[in-house]
Amino acid sequence: MDVTPAQMKPEIIAISSEIGRGHPSYLDSVLLSLSSQPGFKPNMLSLVTLDQICTGLSKHTWNIARSLYRAGAKGGILTTIYNRLRKDGKPSSLQLALLGSSLRKQFAGFTGICLVEHPIIAHILASVCKTAYLHGEIAAPSVAAVPEAWRTFVPLESTASRLQALGVKREALCVTGLVIEPELISQAEHAFMNRLDHYRSARPLTIGFFTSGAYPKPHVDRMLAGAKSCWETGHRPIVFAGRDLKRTKYLARKLQELDVPVVPVKYLFSGQPIFITAPDRRKETALTAEIFSQLDVMVAACHERTNWAIGLGLPMFALMPNIGPFAPMNYGFAFKQGVCLPLGDASHLGSDITRFQKDHELEQMASKGFGKYPINGAEEISRFLLKEI
């Protein structure tokens with residue numbers, strides 16, 4: 001960038017990693033909530049991405065990191081290696097030096113608050129400036145422990161306890177509640193009551209299938225088989241295909257080969273399976289909010305959407321295998337809460353859902369995931385930040 005953060009005037013600079021969907025989506029929610037707070041003025045905040053602010057070797061190394069993220073989702077031996085490399089491990093000093101050299105130079109002398117959503121960025125900047133790390137995950141692997149950070153925002157007390165055990169001082173930890181998209185929170189109770197009505201009837205259910213940012217092949221294969229099963233047993237699949245044009249075309253073609261007709265979201269009330277794509281993450285969130293009250297079950301990886309099962313009462317079938325350091329812990333927590341089950345043989349998903357509906361198991365899963373934990377984490381964080389500045 002032409003102007004360094006130290007020369008910029010905003011009290012808060014937020015950095016979006018733009019890696020995957022999870023970390024950046026938490027930041028989206030906080031910034032949206034911040035913009036609606038009384039007393040907030042746009043000139044208080046500047047949002048930048050890693051691509052905008054990194055230069056030279058740092059930028060090249062972050063590009064390699066993104067490539068490894070995508071490679072780790074391909075399945076088979078690559079996924080196994082990726083999981084072993086990332087399993088509960090902190091970045092080395094060499095990795096931080098390669099990733100962070102230009103970042104540290106950019107933020108040297110910055111006196112405002114730097115809000116980051118990725119643990120590696122927090123590790124890089126915590127010793128340079130006043131760094132607030134937004135940790136939206138329930139899971140807390142060791143990479144998420146950044147003892148030098150000024151503040152670490154976490155969703156639950158159990159997350160805070162885990163990070164404290166990993167060396168983060170208690171006074172630096174802020175327990176905020178689950179960070180969930182404000183667009184979904186505004187309709188949470190209405191959507192939950194709709195869901196209960198659907199379960200108690202004999203009507204077919206609407207099943208949301210969500211891709212993750214890297215389109216892991218094992219997950220995509222299970223999504224396709226699950227959507228076919230649901231359609232053949234009378235339920236209605238809605239496939240959230242993401243933002244990658246090449247992969248969305250692949251998903252659409254494969255669904256058609258499986259005799260699952262797909263129509264765009266404008267035909268939402270037609271009863272047909274819906275296929276949703278979006279040009280960017282915020283548009284995807286808007287489309288999700290548009291139909292959220294119709295969703296009865298979701299199929300997704302145990303990343304950021306796990307919060308929907310735990311906080312919004314949307315029963316979840318988890319795509320396996322768990323990939324990366326966060327998913328296994330998120331899955332374990334959600335499974336223990338009774339709101340999530342592993343998606344085993346996806347070709348039986350439709351009949352399984354029918355059985356769970358008749359046996360009232362879906363109603364029980366939804367009820368265990370609604371009203372137990374606070375869901376206003378984004379608002380709590382935005383209020384805290386505004387108070388600090």
Side-chain angles (χ1 to χ4, degrees), residues 5 12-20 22-27 29-31 48-50 53-54 58 61-62 65 69 85-108 110-179 303-304 324-330 377-378 380-382 384-385 388:
I12 301 174
I13 295 180
I15 303 178
S16 181
S17 65
E18 298 301 310
I19 296 176
H23 298 296
S25 73
Y26 294 129
L27 185 60
S29 295
V30 170
L31 297 186
V48 296
T49 66
L50 280 178
I53 203 167
C54 285
S58 286
T61 310
W62 276 110
Y69 165 77
L85 286 172
R86 291 199 65 192
K87 186 180 180 182
D88 217 24
K90 290 186 177 182
S92 68
S93 56
L94 176 59
Q95 289 171 319
L96 292 178
L98 291 172
L99 291 164
S101 58
S102 67
L103 271 177
R104 289 191 175 113
K105 290 176 183 176
Q106 293 277 7
F107 278 87
F110 177 59
T111 57
I113 297 172
C114 181
L115 177 63
V116 305
E117 38 78 335
H118 196 285
I120 293 180
I121 305 176
H123 279 289
I124 290 168
L125 291 178
S127 61
V128 177
C129 60
K130 195 174 184 179
T131 301
Y133 168 39
L134 167 57
H135 180 77
E137 301 283 323
I138 292 167
S142 62
V143 68
V146 189
E148 301 85 3
W150 168 66
R151 290 289 185 275
T152 297
F153 300 114
V154 297
L156 302 178
E157 185 58 45
S158 60
T159 314
S161 297
R162 166 75 175 163
L163 289 179
Q164 187 176 2
L166 290 169
V168 181
K169 293 180 180 178
R170 182 67 214 197
E171 56 267 29
L173 289 161
C174 297
V175 179
T176 66
L178 298 169
V179 178
H303 300 309
E304 73 282 0
F326 295 95
M329 292 183 182
N330 285 336
E380 287 298 310
I381 294 167
S382 65
F384 179 93
L385 291 171
E388 286 296 318

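Being a predicted model, the structure only gives us computed values, none of them experimental. In what follows, residues are counted from 1 in the order of the sequence shown.
The backbone N or O of I15 lies less than 3.5 Å from no partner atom in the side chain of H118, so there is not a single donor-acceptor pair. Remark: the backbone N or O of L50 is not paired with any side-chain donor or acceptor of E18 at under 3.5 angstrom. At least one donor-acceptor pair under 3.5 Å links the side chain of S58 to the backbone N or O of L99. In this structure, the side chain of T159 does not engage the main chain of P155 through any donor-acceptor pair within 3.5 Å. At least one donor-acceptor pair closer than 3.5 Å links the side chain of T131 to the backbone N or O of L125.
For Y26, the ring pair (Phe, Tyr, Trp, His ring centres under 6.0 Å) test picks out no residue, with sequence neighbours left out.
Look at R162 and E137 and you find no salt bridge, because none of the NZ, NE, NH1 or NH2 atoms lies under 4.0 Å from a carboxylate O.
Two residues are said to be in side-chain contact when any heavy atoms from C-beta on lie closer than 4.5 Å; L173 and F153 fail this criterion. In this structure the side chain of I121 never reaches within 4.5 angstrom of the side chain of Y133, judged on heavy atoms. Residues S17 and E117 have side chains in contact (heavy-atom distance under 4.5 Å, counting atoms from C-beta outward). E388 has its side chain within reach of I113: a pair of non-hydrogen atoms, C-beta onward, lies under 4.5 Å apart.
The aromatic rings of H23 and F326 stand perpendicular to each other, their planes meeting at an angle above 60°, with 30° marking the opposite boundary.
Considering OG of S142 and CG of L166, their distance stands at 6.5 Å, rounded to 0.5 Å. The CG atom of L115 sits 10.5 Å away from the OG atom of S382 when rounded to the nearest 0.5 Å. The structure places CG of L163 at 10.0 Å from OG of S158, a figure rounded to the nearest 0.5 Å. To the nearest 0.5 Å, the span separating SG on C129 from CZ on R104 amounts to 11.0 Å. Taking CD of E304 as the start and OG of S29 as the end, the distance is 9.5 Å to the nearest 0.5 Å.
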(message) Go through it in stages, so that I can follow the logic: the residues are I124 and F107, the test is side-chain contact (heavy atoms from CB on, under 4.5 Å), and I'd like the CA-CA distance, side-chain angles, deciding distance and then a yes or no.
(response) CA-CA 10 Å; I124 290 168; F107 278 87; over 6 Å; no

(request) Could you give me the CA-CA distance, side-chain angles and deciding distance for E157 and R170, then say whether salt bridge (charged side-chain N to carboxylate O under 4.0 Å, His left out) is met? (result) CA-CA 11 Å; E157 185 58 45; R170 182 67 214 197; 2.7 Å; yes

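Of the N and O atoms on the side chains of S16 and T49, not one donor lies less than 3.5 Å from an acceptor on the other residue.
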